[in-house]
Amino acid sequence: MRPFSLLVKPVSADCNLGCEYCFYLPKKNLYPQTKTHRMPDPVLERLIKSYMGTRQPAYSICWQGGEPTLMGTDFFSKVIKLQKQHGTARARISNSVQTNATLITDKMAQLFARYKFLVGCSLDGPEKIHNKYRVTTKGNGTHKEAIKGIEILKRYNVQFNILTLVSRANVNNAHEIYHYLKNMGFYFHQYIPCVEFDKNKNLLPFSITGEQWGRFMCKLFDSWYPNDINSVSVRNFDSILSKKIDGINDICVIGKNCRQYFVVEYNGDIYPCDFFVEKQLKLGNIMETSWEEMLDSPAYHKFGAQKKLWNEKCSTCDHLELCAGDCLKNRMYAQNPPQNISSLCPGLKFFFNQTKDRYEILCEKIQNQRKKEQKMIDKIPKSGRNDPCFCGSGIKFKKCCGK
């Protein structure tokens, strides 16, 4: 079976906030029969039992929304119980939660810490910037509440990272945002471009252009390189390094086929991508359709194959291996002749061109470091390489290497 992960929407598009730029809030119109959407216990059990029944190298579930913490701590306790019940002793299971962090409690943080949940916290920068779009349904800013939630996570040593949506509110503040997060002690970052279109395929007011994205990324890279390359992880940059050095696509946008995961809605409906949760792309329902059927679905294969149907100009582009034509959403929804070119294309080219030489330096440093570590490993008896002692290189040794 082809490996796949799950992105689960246990509350559908329900949220305690009313962020104007949220692409998923309108999806509640898919399920107008009820005002409040919560995943029922039978759906949750069927979801986990069937997924744990497939053969995967590792089982990965991201709980997202809307705002998934609206389900409360007891829901995530059920998740753990069911995963233990239906998983094998050797099953490797990873859970992550993407949250606005405003509803995090001590009890929830304790559970996340105990079971090693990775928590992604949305934070768009300092208070004035963050509160431009990230507001409650009454229009009140949420920065203070988000920081309070993140501090609770830190108190219990929960693993977390920061997800920053780059919109018109902060696209000119790359340096300020980066150093704000760093000075707050947040060392794991991810930056997502806000690219949303109206029915006429024109960018909405809060969205950014490709040129703006390119300038933002260059300024961000300048803030990070070279002083913070070993202390701050920027997933956008790490993913490029993984691709350049190891040929690994660790984010779906770099892949050449959009069959990376399934979206599971609160009632068990299955879709191929959370940017494409649409009636015509529904693949089935977990209560009546098997994962095998959905993996073999002609609709799923057709959707995935669209990724490589980029414009012919992309095929001769020097940067195709690093962008793979960009996300389908940015290509298919954009009014961007010639057809099927991402609205971010100019910015991506600009960024790749501006950072090419420095990436080559980084790649060389990493490869040289790996060679040094391998020489050190080779000196350790093979019988001692799986001992519990752990060093900074990520390799287990029989005796502490002094790090």
Side-chain angles (χ1 to χ4, degrees), residues 1-15 24 27-28 30-31 33-99 103-105 107-120 158 259-274 277 281-297 300:
M1 177 177 288
R2 179 188 177 100
F4 64 94
S5 58
L6 301 180
L7 195 160
V8 185
K9 308 274 190 175
V11 300
S12 188
D14 293 359
C15 190
Y24 208 77
K27 300 301 180 182
K28 64 179 61 178
L30 286 171
Y31 305 103
Q33 62 272 25
T34 178
K35 185 177 180 179
T36 302
H37 308 87
R38 299 292 183 271
M39 181 171 280
D41 286 349
V43 175
L44 176 64
E45 180 162 15
R46 174 63 182 166
L47 166 68
I48 293 178
K49 182 179 181 180
S50 62
Y51 183 48
M52 301 300 292
T54 64
R55 296 187 65 180
Q56 305 284 331
Y59 298 89
S60 175
I61 303 179
C62 178
W63 305 93
Q64 203 182 80
E67 178 46 51
T69 59
L70 284 170
M71 293 298 292
T73 305
D74 289 345
F75 171 80
F76 293 104
S77 295
K78 290 178 188 176
V79 167
I80 297 300
K81 180 180 179 181
L82 289 168
Q83 289 176 344
K84 289 181 176 180
Q85 179 180 340
H86 297 294
T88 64
R90 293 185 177 182
R92 291 186 294 151
I93 307 170
S94 65
N95 290 288
S96 59
V97 176
Q98 183 59 47
T99 175
L103 300 177
I104 299 294
T105 63
K107 183 179 179 182
M108 187 177 291
Q110 287 176 311
L111 183 139
F112 289 162
R114 181 177 180 183
Y115 293 103
K116 302 187 185 308
F117 277 60
L118 173 63
V119 181
V158 177
R259 287 185 295 142
Q260 308 291 328
Y261 65 94
F262 290 109
V263 175
V264 186
E265 258 288 349
Y266 84 104
N267 64 348
D269 285 349
I270 307 296
Y271 300 89
C273 170
D274 66 332
V277 174
L281 288 174
K282 177 182 168 182
L283 301 173
N285 185 285
I286 194 61
M287 303 302 287
E288 55 193 31
T289 315
S290 71
W291 294 115
E292 288 81 3
E293 289 176 292
M294 287 182 281
L295 283 167
D296 292 336
S297 164
Y300 189 46

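These numbers come from the heavy atoms of this one structure, side chains and all, not from hydrogens, waters or symmetry mates. This one's a predicted model, so the numbers in the text were calculated from it and none came from an experiment.
The minimum heavy-atom distance linking L111 with S77 is given by the pair CD1-OG, 3.0 Å. Among all heavy-atom pairs drawn from T34 and H37, the shortest one is O-NE2, 3.1 Å. Across P68 and G66, no two heavy atoms sit closer than the pair CD-O, 3.7 Å. Pairing each heavy atom of M52 with each of I93, the nearest pair is CE-CD1, 3.3 Å. Annotation for I286 and I270: closest pair N-CG1, 4.2 Å, computed over non-hydrogen atoms. V158 and F112 get closest at one heavy-atom pair: CG1-CB, 4.0 Å.
For Y115, there are no ring pair (Phe, Tyr, Trp, His ring centres under 6.0 Å) partners, not counting sequence neighbours. With sequence neighbours excluded, the residues that form a ring pair (Phe, Tyr, Trp, His ring centres under 6.0 Å) with F262 are F4, W291, Y300. By the side chain to side chain donor-acceptor pair (under 3.5 Å) test, D296 is found to be paired with no residue, residues two or more places apart in sequence or in another chain being considered. Shown here are the side chain to side chain donor-acceptor pair (under 3.5 Å) partners of K116, two or more places apart in sequence or in another chain: there are none. Residues forming a ring pair (Phe, Tyr, Trp, His ring centres under 6.0 Å) with Y59 (at least two apart in sequence, or on another chain): Y51.
Atom NZ of K282 is surrounded by more than 12 heavy atoms from other residues, nucleotides or ligands within 6.0 Å.
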Subject >> Stepwise side chain to side chain contact (heavy atoms under 4.5 Å, CB included) check, N95 with F76 >> reply: CA-CA 10 Å; N95 290 288; F76 293 104; over 6 Å; no
**OP:** Give the C-alpha distance, both sets of side-chain angles, the deciding distance and a yes or no for side chain to side chain contact (heavy atoms under 4.5 Å, CB included) between Q64 and Y24.
**Re:** CA-CA 10 Å; Q64 203 182 80; Y24 208 77; over 6 Å; no
**OP:** Apply side chain to side chain contact (heavy atoms under 4.5 Å, CB included) to the pair I80 and R114, showing each step before the final yes or no.
**Re:** CA-CA 11 Å; I80 297 300; R114 181 177 180 183; over 6 Å; no
Subject >> Worked verdict on W63 versus F75 for ring-ring contact (aromatic ring centres under 6.0 Å, His included) >> reply: CA-CA 11 Å; W63 305 93; F75 171 80; 5.5 Å; yes
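For the pair K9/D274, a side-chain contact is recorded, criterion being any heavy-atom separation below 4.5 Å from C-beta on. The side-chain heavy atoms of L30 and V277, taken from C-beta on, include a pair separated by under 4.5 Å. A heavy-atom distance below 4.5 Å is not found between the side chains of N267 and V43. Under the 4.5 Å side-chain criterion, counting only non-hydrogen atoms from C-beta, L283 is in contact with P272. Side chains of Q85 and E45 form a contact here, defined as non-hydrogen atoms less than 4.5 Å apart. Within the 4.5 Å cutoff, side-chain heavy atoms of Y261 are placed close to those of C273.
Between the CG atom of L82 and the CG atom of L44 there is a distance of 5.0 Å, given to the nearest 0.5 Å. Between atom OG of residue S60 and atom CG of residue L7 there is a gap of 9.5 Å, rounded to the nearest 0.5 Å. Residue K28 holds its NZ atom at 9.0 Å from NZ of K35, rounded to the nearest 0.5 Å. Annotation: the span from Q56 atom CD to L6 atom CG amounts to 8.0 Å, rounded to 0.5 Å.
Sorted by first and then second residue, the pairs that involve residues 65-85 and meet salt bridge (Lys or Arg N to Asp or Glu O under 4.0 Å), not counting sequence neighbours, are D41-K78, D74-K107.
Using a 4.0 Å cut-off between charged nitrogen and carboxylate oxygen, R38 and D14 count as a salt-bridge pair.
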